[in-house]
Each structure stands twice: as structure tokens, then as C-alpha cells.
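To start, the structure under review is shown below, and the notes come after it.
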Protein chains: 4
Amino acid sequence: MKAHKAPNSARRNEQSRQAILTATRELIAEVGYAKVTIEAIASRAGVGKQTIYRWWPSKGFVVLESFVALIETEEGAVELPDTGDIEADLKLVMRETMEEFATPAFEAPIRALNTEIINDPALAEAYNEKLAAPTDEVMRARLRSARHAGQLSPDADLDLMAEMLYGPLYQRWLLRSGPLTPEFADGLVEAVLRAFGPRA
Amino acid sequence: MKAHKAPNSARRNEQSRQAILTATRELIAEVGYAKVTIEAIASRAGVGKQTIYRWWPSKGFVVLESFVALIETEEGAVELPDTGDIEADLKLVMRETMEEFATPAFEAPIRALNTEIINDPALAEAYNEKLAAPTDEVMRARLRSARHAGQLSPDADLDLMAEMLYGPLYQRWLLRSGPLTPEFADGLVEAVLRAFGPRA
Amino acid sequence: MKAHKAPNSARRNEQSRQAILTATRELIAEVGYAKVTIEAIASRAGVGKQTIYRWWPSKGFVVLESFVALIETEEGAVELPDTGDIEADLKLVMRETMEEFATPAFEAPIRALNTEIINDPALAEAYNEKLAAPTDEVMRARLRSARHAGQLSPDADLDLMAEMLYGPLYQRWLLRSGPLTPEFADGLVEAVLRAFGPRA
Amino acid sequence: MKAHKAPNSARRNEQSRQAILTATRELIAEVGYAKVTIEAIASRAGVGKQTIYRWWPSKGFVVLESFVALIETEEGAVELPDTGDIEADLKLVMRETMEEFATPAFEAPIRALNTEIINDPALAEAYNEKLAAPTDEVMRARLRSARHAGQLSPDADLDLMAEMLYGPLYQRWLLRSGPLTPEFADGLVEAVLRAFGPRA
DNA sequence: TCTTAATCGAGACGGTACGTCTAGTCTTCTG
DNA sequence: CAGAAGACTAGACGTACCGTCTCGATTAAGA
């Protein structure tokens with residue numbers, strides 16, 4: 001595998017970049033990730049194929065950047081609810097997350113990205129840094145608040161806790177190993193809180 | 001998508017079938033799943049392409065069957081250790097699972113399968129039934145034994161418990177979102193046992 | 001340069017072959033040789049690109065074969081006039097040849113072929129064998145008849161004679177180094193006959 | 001086809017011009033004309049592509065100018081031998097010409113030019129004027145001398161004679177329609193002299 | 001035992017997309 | 001402010017595979 005070497009970006013055409021990211025998002029929504037081709041993106045964006053190959057090492061990175069760009073525009077409002085009741089808040093968040101996962105418009109591209117991530121460590125790194133890390137940080141912030149409020153054990157490992165909340169959910173969704181029901185979300189939250197609650 | 005209709009298997013050539021499954025496994029190990037093509041499998045197996053298309057609906061199913069075939073041959077010995085100490089046993093199992101995940105010979109094909117599963121519900125179902133279910137059942141058997149021994153709460157949800165053990169581990173591995181260290185395994189087991197232990 | 005290895009032609013699809021040769025001729029007539037692409041030929045012929053690459057080593061050979069095919073269909077009538085007067089016959093033939101050279105429908109593809117021949121010895125060989133040799137043989141047959149009739153010296157080198165008739169004409173045409181006038185043709189014939197006539 | 005309009009040459013950078021012509025000659029010698037690209041010339045010459053497009057209408061003209069430039073530097077010594085024996089002199093010249101044609105360093109670029117000339121009338125004109133005409137004139141000068149010496153018929157058409165000497169030779173070479181042997185050269189000269197000799 | 005019909009290896013077929021290459025134009029920065 | 005540097009749109013290149021489709025040549029079943 002040849003390492004991708006991005007050229008000097010000073011001369012980069014920002015209009016083309018935006019057109020490519022937009023076309024990518026549109027195409028994924030229209031025909032599904034697996035059928036999105038570099039040629040189609042270039043054609044839709046009114047751009048030469050070389051312009052894509054010049055700046056991105058693979059389709060996965062184009063897709064990733066197209067989502068990062070989308071998220072960055074709506075940034076700021078990303079924060080979990082904090083009613084003071086950690087259990088209620090977590091259950092709500094988990095249910096909302098599950099619903100998001102069930103939305104085709106959301107599901108398709110994320111599944112797509114995960115497909116690529118599995119076999120591309122470089123893309124995985126970029127994904128974790130650009131998309132997963134911010135999401136996790138939001139969760140950890142809420143947990144930190146709860147711990148401060150005495151609703152969690154003072155020595156609760158919040159990183160592990162976040163992973164225990166998201167991991168089982170994610171697995172069921174990605175591998176379709178089980179249904180995403182509210183009961184599942186509630187049971188998961190309750191179990192995690194038993195593990196990290198103040199009594200533990 | 002046209003439904004795959006397997007023809008009458010009475011006339012099926014078992015030698016060809018075995019050659020295909022073996023070639024598939026070899027090729028995945030040699031060049032990685034993404035670069036394995038139907039043509040390469042056919043060529044390696046000394047088989048016409050049509051013979052593959054006749055009996056399997058997609059590459060994913062060939063891969064899946066090649067692993068199922070492998071596992072079925074070594075069946076029987078699959079059982080978790082039971083020293084009477086559930087915490088020690090689980091920690092051991094989790095560490096061993098992690099090591100397995102780190103073995104290239106094991107990692108490559110499982111990643112391969114997961115790639116296909118993500119975008120193919122039918123394959124996901126077959127995967128969960130043929131490969132995941134047996135593994136989970138082994139885990140649940142050990143947990144049932146522990147509950148019977150009073151090391152777990154009488155009303156512990158063993159299905160959920162198994163998912164909480166495997167989910168975070170699986171997520172870290174598949175998405176490379178964190179390192180697979182013994183400390184992580186231990187922390188995970190301890191937290192899950194706090195959630196489902198006799199006091200809870 | 002990789003040697004072109006035509007596969008076993010037993011399975012060859014004759015319909016596709018004809019469609020390709022026809023499409024090639026049409027495209028050359030429509031847009032000119034330089035702008036004819038393999039992709040366009042394939043598309044026009046309703047054929048996969050690989051089918052062209054499988055059977056021909058380069059665009060030049062496709063073009064060559066398309067003309068050979070054309071000529072072979074009208075075969076049989078190819079013979080020079082023989083009125084008994086070699087000078088008159090040659091002058092007529094040379095003038096007709098010049099007119100042919102001036103016909104766009106004829107000129108374009110032959111120029112095209114010559115372009116390729118210059119830099120491709122293999123194509124040159126095929127061209128000389130398939131297109132040039134038959135034409136030359138027809139000329140030599142007429143000269144042989146004239147020699148037999150005593151209108152040429154008994155030891156006249158007919159091969160050289162043919163080359164001296166066609167060479168200057170060809171050069172003027174290909175390199176546009178001079179006009180193709182009847183006077184030029186007549187002068188050329190007269191000079192060649194002085195060189196190879198019975199008195200010489 | 002857009003007419004090429006050379007800009008005001010007052011500001012033209014002579015160093016760049018020379019670098020381009022030199023790079024062109026070197027590249028033709030190294031990789032062959034067909035594989036020479038404008039980009040490669042610009043890169044080798046340390047020049048922007050635009051500088052080439054600004055001053056030359058096509059690759060052919062760059063090649064042509066690169067040879068004209070070369071020839072102009074060694075000009076003056078161009079004259080045919082004149083021993084008084086036209087047959088011996090012509091045979092010598094023809095043999096030398098053939099040898100030149102067989103020299104790769106000479107052959108490659110001339111073939112290259114001819115490739116372009118075939119399909120580009122404007123270039124053909126420039127070629128005939130700049131390269132062919134001087135060569136022909138040298139030949140005609142020698143023939144004029146022979147006619148004056150009574151070795152040729154007083155009314156011999158020297159232009160036609162020159163074409164009859166070069167034409168067959170050129171055709172054999174360009175189309176590889178036959179071997180370039182001394183016997184061929186001698187036979188050609190003898191035949192032409194029979195046609196244009198004093199007796200005729 | 002002899003059809004006879006499905007399966008087999010083989011590989012040509014019409015296609016799609018790949019990633020690279022070059023053309024010719026346009027833009028930016030530097031000497 | 002001309003020129004080097006090089007990014008841009010466009011599109012052909014030749015390759016790799018896809019999944020379908022013949023081709024005989026087995027081969028196993030039932031007549």
C-alpha cells in the first residue's frame with residue numbers, strides 16, 4: 001500500500017472540496033454507500049477524479065470527512081440532558097441513541113463507515129478521533145457531573161462506564177444480534193449503575 | 001436482489017465444495033478478505049466460477065461456511081473453565097478471548113465476516129445462528145452454573161450479562177477504539193460482577 | 001511491451017467481432033482516426049472493452065483488420081486493366097490511384113493506419129502482408145504480362161519497377177510534398193518505362 | 001481547431017526556449033516519440049507547461065523546431081560529393097542515406113516527425129519548407145551539375161528524378177515494406193539513370 | 001445398460017469501476 | 001509582470017472482477 005501524501009494544500013480549491021463532500025453525502029443517501037463510486041462523486045460534484053485522488057487516500061476518508069464537515073456545522077449544542085437524575089437521563093439518551101440507529105438516513109452511512117473502518121486502521125484512527133471521541137466526551141461529561149453530585153461511586157472509572165453503556169448497544173446494532181428495545185436500554189443502564197453507583 | 005435458490009444438492013460434488021472452502025480460507029489468510037475475489041477462489045480451487053455462484057448467494061456466505069466447516073470439525077471441546085470462582089474464570093476467559101482477537105490468523109477472517117455482516121442482514125442472521133450463538137451459549141452455561149452456586153444474584157439477567165462482557169471488548173477490537181489490555185478485561189469483569197453479584 | 005497472446009479462438013463470438021469492425025469503420029469516418037478510442041468502439045459495438053483487448057493488441061490492428069475485412073468482401077475483381085498498351089494502362093491506374101488518395105473516405109483511414117505503422121513494426125508487418133502485398137501483386141501481374149508481350153525488357157526487375165511507380169506517388173501524398181497532378185503521374189510512368197522498356 | 005496565435009515575442013525568454021528544444025530532443029532519444037509528453041518536456045526543461053503552449057501550437061512543432069535548430073547550427077557543409085561520375089556519386093549518397101535511416105539516433109526523431117506530419121498539413125508544410133526542401137535542393141544541385149556535364153539528358157526533369165530516387169527508398173524505410181540493402185540502392189540509381197540518361 | 005439431464009471446468013461475454021495518465025486551461029506566488 | 005509551479009476539469013487508458021452465458025465432458029439416476 002502506497003502511503004497517501006497530500007500535496008501542499010495552500011493551492012487547494014475550497015469550492016471543489018465542498019462540492020465533493022456534498023455530492024458524497026447526497027449519493028450515500030440516494031443509492032447507499034456500497035454503490036457510491038469515486039466516479040459518481042466526481043461526476044456529481046463536477047470535478048475531475050484526480051482531484052479526489054489528490055486529496056483523499058480512499059473513499060472511506062471522503063465519507064468520513066463529509067460527515068465530520070456536517071457535524072462541525074451544527075456544533076455547540078452537543079450536550080447531554082442533565083436533570084439531576086442520572087438514571088433517567090441515561091435511559092433517555094440510550095433510547096434516543098437507539099432510535100437514531102434505527103433511522104435509515106443515519107444508519108446507512110454509519111454502517112458504511114464501519115465497514116471500511118474494520119479493514120482500515122488508518123481510517124479507524126481518524127474515525128475515533130473525529131467522530132467517536134467527541135461523542136464519548138459528551139457522555140463522560142455527564143457522568144462526571146453525576147459523580148460530582150454523588151450519584152456515582154467517587155472512584156468510578158468513567159471511561160469504562162461509557163464503554164459498558166455503548167458497547168452492548170453498538171454490538172446489537174452493528175451485528176443485528178438482538179432487537180433494540182427500550183427494555184434492553186433500561187436494563188443496561190440499571191446494570192451499569194449498579195456497578196458504578198455510590199454503594200459499590 | 002434475487003433470492004438465491006440452491007438447486008437439488010443430490011448431484012453436488014463434495015470434492016469441489018471442500019476445495020472451494022479450503023481455497024477461501026487460504027486466500028483470506030494470504031491476501032486479506034478485501035482482496036479475495038470469486039475468480040481467485042475458483043481458480044485456486046480448480047473450479048468453475050459457476051459452481052460457486054450455483055451454491056452460494058454471495059462471497060460472505062462462502063466465507064461464513066468455510067469457517068463453520070472449520071469449527072464443526074473441532075466441535076465438542078467447547079466449554080468454559082469452571083473452577084468454582086466465577087471472577088477468576090471470567091477474567092481468564094476474557095484475557096484468552098482478547099489474545100485470540102490479537103492473533104492475525106484469527107483476526108483476519110473474523111474481521112472479514114464482520115465486514116459483510118454489517119451490510120447484509122441475511123448473512124448476519126446466519127452468522128449469529130451458526131457462529132455467535134454457540135459461543136454465547138457456552139458463556140451463559142458458565143454463568144448459569146455461577147448463579148446456581150450463589151455467586152450471582154438469583155434474578156441476574158444472564159443474556160444481558162453476557163452482552164455486557166462481550167460488547168465493550170468487541171467494540172474496542174472491531175473499531176480499534178482502545179487497546180486490549182488485561183487491565184481492561186479485569187476492570188470489565190469486576191464491574192459486571194458488581195452489577196450482577198449476590199448483593200445486587 | 002507485452003506480447004499479445006490471442007486466446008483460443010474456438011469460443012470467439014463472431015457477431016461481436018463483426019460489430020467491432022463495423023463500429024471501427026464508422027467511427028473513423030465520423031470523427032477521424034485520431035479521435036477514435038477503444039472505449040467508443042466498444043460502446044458503439046455494444047461490446048465490453050475487454051473483448052477488444054482480448055483479441056487485438058492495439059487500436060492499429062483493429063483498424064487494419066476492419067479494412068482487410070472490407071476488402072476481402074469485394075475480392076475477386078481486383079485486377080488491373082490490360083489493353084495491351086502498358087503505358088496507357090499504367091497511366092490510367094496511377095491516375096485512379098491518385099484520385100483514390102484524394103477521396104476523404106479513403107484518405108482518412110489510410111493516413112491513420114500509416115501513422116500507427118511508422119512506430120509499430122508488428123503492425124507494419126501485418127499491414128504489408130494483408131493490404132500492401134495484394135495490391136503490389138496485382139501490379140506485378142500486369143507488369144509480367146507486359147514483359148511477356150515484349151513491352152518491357154526481358155530482365156526488368158518488376159519488384160523494383162513497382163516500387164518506383166508507387167514510391168514517389170506515395171511520398172507526395174503522405175508527406176504532402178507536392179501536388180498529385182495527372183502530369184506527375186504521366187511523367188512518372190514515362191520515366192519508369194524508359195528505365196525498363198525493351199530498348200534498355 | 002483554434003488557430004495558434006504566437007504572442008509578442010519581444011518578451012520571450014530565450015533560455016527557456018533552448019531548454020525546451022533540448023529537453024525535447026533528449027526525451028525523444030530516450031523514450032521514443034510516442035511516449036514524449038508535454039508535461040515531461042516541461043518538467044525536464046524546468047519550465048511551466050504554459051510556456052510551451054504559449055509558443056508552440058502542438059507537440060509536432062516543438063519537435064520540428066528542435067531539429068531545425070539542431071541542423072541550423074551545423075549548416076554550410078551540406079553538399080553532395082561531385083567526382084564527375086554521377087552514377088558513382090548517387091550510389092554513394094543513396095547508401096549513406098540508407099545508413100542514416102538505420103541509425104537509431106536519426107531514425108527515432110524522423111519517424112516521430114513523420115507521424116505528426118501525416119495528420120497535420122500545417123506541420124507538413126513547415127517540414128517540407130524547413131527540412132525537406134534544403135535536402136532536395138542539394139540533390140538537385142548535383143543533378144544539375146551532371147546534366148551540365150552531359151551525363152543526363154538535356155531535358156531531364158530533375159525534380160521528378162529526385163523524387164524517383166528518394167521515393168522508393170523512403171517508402172521502404174517508413175513502412176518497412178522491404179530491406180534497405182546496397183543492391184536495392186544500386187538498382188534504383190541504375191534504373192533512374194536509364195530513364196534520364198543522355199540517350200533517353 | 002442406456003439414456004438423459006444436471007453438474008462440472010473452462011472461459012468468453014457485456015459491463016462497471018478502478019486508479020493512473022495526459023491534455024490543455026486557469027490560478028497563485030515568486031524573482 | 002512574465003514565468004515556474006502546479007491544481008483544475010475532462011476523459012481515455014488498460015486492468016480487474018462482476019455475474020451471466022455458452023461450451024463440451026463427466027457423471028449419477030432412473031428407465
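Here the structure is a predicted model, which means the values were calculated and not measured. To find a chain, count down the sequence lines: A is the first, B the second, and so on, and within it residues start at 1. Excluded from the calculations below are hydrogen atoms, water molecules and symmetry mates; all remaining heavy atoms, backbone and side chain alike, are included.
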Scoring nucleotides 9-16 of chain E by protein non-hydrogen atoms under 4.0 Å (B base, S sugar-phosphate only, - none) yields BB-SBBB-
Find the distance D:Lys35:NZ to F:dC13:P and express it as a whole number of Å.
16 Å
Can you check the A:Gln15 CD to E:dT27 C1' distance for me, whole Å?
13 Å
Tell me every residue that passes side-chain hydrogen bond (donor to acceptor under 3.5 Å, both in side chains) with A:Asp120, counting only those two or more places apart in sequence or in another chain.
none
Please report, rounded to the nearest Å, how far the P atom of E:dT20 is from the CD1 atom of A:Ile38.
11 Å
Stem segments of DNA chain F by first residue number [Watson-Crick or G-U, under 3.5 Å, at least 3]:
E:1-31 with F:1-31
Please name all residues satisfying salt bridge (Lys or Arg N to Asp or Glu O under 4.0 Å) with C:Arg17, sequence neighbours left out, ordered by chain then number.
C:Glu14, C:Glu65
Cation-pi, D:Tyr33 ring and D:Lys59 (6.0 angstrom, 45 degrees):
yes
Using the side-chain hydrogen bond (donor to acceptor under 3.5 Å, both in side chains) criterion, which residues pair with A:Arg44? Sequence neighbours excluded.
A:Glu26, A:Glu30
Results of salt bridge (Lys or Arg N to Asp or Glu O under 4.0 Å) for D:Glu125 - residues two or more places apart only:
none
Over how many whole Å does the gap from D:Trp56 atom CH2 to E:dG24 atom P extend?
15 Å
Just the rounded figure in Å: distance from C1' of F:dA7 to CZ of A:Arg17.
16 Å
C:Glu129 meets the salt bridge (Lys or Arg N to Asp or Glu O under 4.0 Å) criterion, sequence neighbours left out, with none
How many Å lie between CD1 on B:Ile20 and C1' on E:dC8, as a whole number?
11 Å
Whole-Å distance, A:Tyr53 OH to F:dA10 C1', equals 15 Å
Sequence neighbours left out, what passes side-chain contact (heavy atoms from CB on, under 4.5 Å) with D:Ala19? Give chain and number order.
D:Ala45
Would you say C:Ser43's side chain and C:Ala40's backbone share a donor-acceptor pair under 3.5 angstrom?
no
Those residues that, when tested against A:Lys49, pass salt bridge (Lys or Arg N to Asp or Glu O under 4.0 Å) (two or more places apart)
A:Glu39
Between P of F:dA12 and CZ of C:Arg44, the distance in whole Å
14 Å
